Structures are given as structure tokens and as C-alpha cells.
Amino acid sequence: MSMRHPCGSRATGVVLAALLTLAVPARAADVLVFAAASLTDALEEIGRVYDARGADRLRFDFGASSDLARQIAAGAPADVFFSADPARLDELEHAGLVAPAERRNVLSNTLVVVVPRASKAVFTVARDLLIVDRLALADPETVPAGIYARQWLEEAGLWTPLQARVVPTLDVRATLAAVAGEHADAGIVYRTDAAIEPRVRTALAVPRQQGPVIVYALAPLVGAKAGGARAAAAFLAGAEARPIYERYGFVVLPE
């Protein structure tokens, strides 16, 4: 009767384990991107393109840039931050959470005044907003979309008479929902948000040269847990993403 040598069994086991290791592809890592709510639709599409490459996977947490920045400063496990206001990145840079050389200004946008689709309101100039009883804005004290809207109204001399009529919301998508649901007579949102909501119509567009300078800034975070954070940030700011942003109405800034 033949006997199998125990060393041979161990050697066979090692070989099989090695072959199994080679046969199983490396598991893709999740890269968590904290991003402004107004970027939701564009980034979800870009994320699908990135995921199809078979490397890391993009996962998103959308919200008001001010809230997301506070969460990051408090230790939230984000890998990349895409803010609708560079000032939020400034705060994180001062806290040592963003490296200056890693920052990129990627996109711009414009403001529009929206009303419910059935509204008969007609606005031809900013002062026509004085007829509005309830004006929805993302929180004008902290949220970029609301801050930009307030800047425009202040420049037009309308903030003081309209301030008491402002209905502050959590973020720009909440503003859009308030108008779409007819909980506000009008709202000020980004052009890109107005374009995706069929229950509202644009009553007044703010020309880019007359409105506030709107900049979306992007950076991987210092100490990001995902090793692919820098690659993901580069992709979100790169050539493959550009036509998707433009299709959703964003202005892509020069590199």
C-alpha cells in the first residue's frame, strides 16, 4: 500500500491556495465623495462611468457644502470633497485636511428664479421679485446656493425688503422641492437644478456676468482611507467627466 508523504500534502495545499488567490480578482475599494447637492445627477452618472472601469467604486454623500464641510472637520470618513463654494475648502485647508496643491476649481454655474409650473408670475428684472410673498432659498447664512442668492439680491438692493419673506431650506434641492410642491411662490436655485425639475419653470435667469462668481472646488482629503482618492478626484475633474457636466448645464472651468 502506498503512503503519501505529509510534506507533499502541504506543498499541494500551498499551490492550490496560490492558484485560488490568482483566480480571485482584487476587490474594488469604495471611494467616498462628499459633494454639493446640486451635483447629484451629474456625479451619479459620472460615478457609473468610473465604476465600469473595474477599479475603485465611487460612492457619494450629497448635501449642503457647509454641512458636509462640518462633518469632515468632525472626522467623517470622506475621501474626496466637491464643494459648491471654495470657502468651505479654505476652512478644511486651514484645518490641515486639504493640501493646497491638491485643490482644483472645476465648475461654475448661474442662478435662476423658478416658480411653480402653473404660476402666472412674470419676472423681467430682479425688482419684480417684490411681488413674491414666500421666496425659498437655501439657508442664506451658511449654504452656498443661498449665500450666492443673497449676494445677488444685495447687489440689486432687494435683500432688505425681501428678507422677511425668505423661506430658508436645507440645501438647493430642498429649495427646488419647496417651489415644485407650491410651498413657496418662487425660489432661487442654480440653473442646473431648474433644468431637472419638470414641476417648475424658470421665470428669470441671472446672466453670469451680473451674478455672483460661482465656483465648485474639488480636493482629495488628507488622510483619506481609500488609496484611490487622488485618482478619483483626478477623474472627476478630467476629460471624461467634462461632457457630462456640460450636458447637465455646468460651465467647466479651464484647468
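Atoms considered below: every heavy atom in the structure, side chains included; atoms not considered: hydrogens, waters and symmetry mates. None of the values given here were measured: they were computed from a predicted structure.
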I need the [X] [atom1] to [Y] [atom2] distance, nearest 0.5 Å.
| X | Y | atom1 | atom2 | value |
| --- | --- | --- | --- | --- |
| E93 | L89 | CD | CG | 8.0 Å |
| L58 | D30 | CG | CG | 9.0 Å |
| L135 | Q163 | CG | CD | 11.5 Å |
| I147 | R88 | CD1 | CZ | 5.5 Å |

Give a yes or no on whether a salt bridge exists between [X] and [Y], defined as a side-chain N under 4.0 angstrom from a carboxylate O.
| X | Y | answer |
| --- | --- | --- |
| D41 | R173 | yes |
| E45 | R247 | yes |
| E197 | R117 | no |
| E141 | R150 | yes |
| D51 | R48 | no |

Check whether the side chains of [X] and [Y] place a donor and an acceptor atom closer than 3.5 Å, and report yes or no.
| X | Y | value |
| --- | --- | --- |
| Y245 | T192 | no |
| T175 | D171 | no |
| N109 | Y216 | yes |

Does the side chain of [X] reach to within under 4.5 Å of the side chain of [Y], using non-hydrogen atoms?
| X | Y | value |
| --- | --- | --- |
| L236 | L43 | yes |
| L111 | P212 | yes |
| L253 | V106 | no |

Heavy-atom count check: over 12 atoms from other residues, nucleotides or ligands less than 6.0 Å from [X] [atom1]?
| X | atom1 | result |
| --- | --- | --- |
| R59 | CZ | yes |
| E154 | CD | yes |
| R230 | CZ | no |

Are V33 and I244 connected into the same hydrophobic cluster when the rule is that any two of I, L, V, M, F, W, Y join if their side-chain heavy atoms are below 4.5 Å apart? yes
Carefully, step by step, assess F81 and F34 under the rule ring pair (Phe, Tyr, Trp, His ring centres under 6.0 Å). CA-CA 5 Å; F81 184 34; F34 276 24; 7.4 Å; no
Looking only at atom types and distance, does a side-chain atom of D128 sit under 3.5 Å from a main-chain N or O of T124, one as donor and one as acceptor? yes
Checking R134 side chain against V167 main chain: does a donor-acceptor pair fall under 3.5 Å? no
Candidates V251, L39, I214, L218 - the one meeting side-chain contact (heavy atoms from CB on, under 4.5 Å) with L107: L39
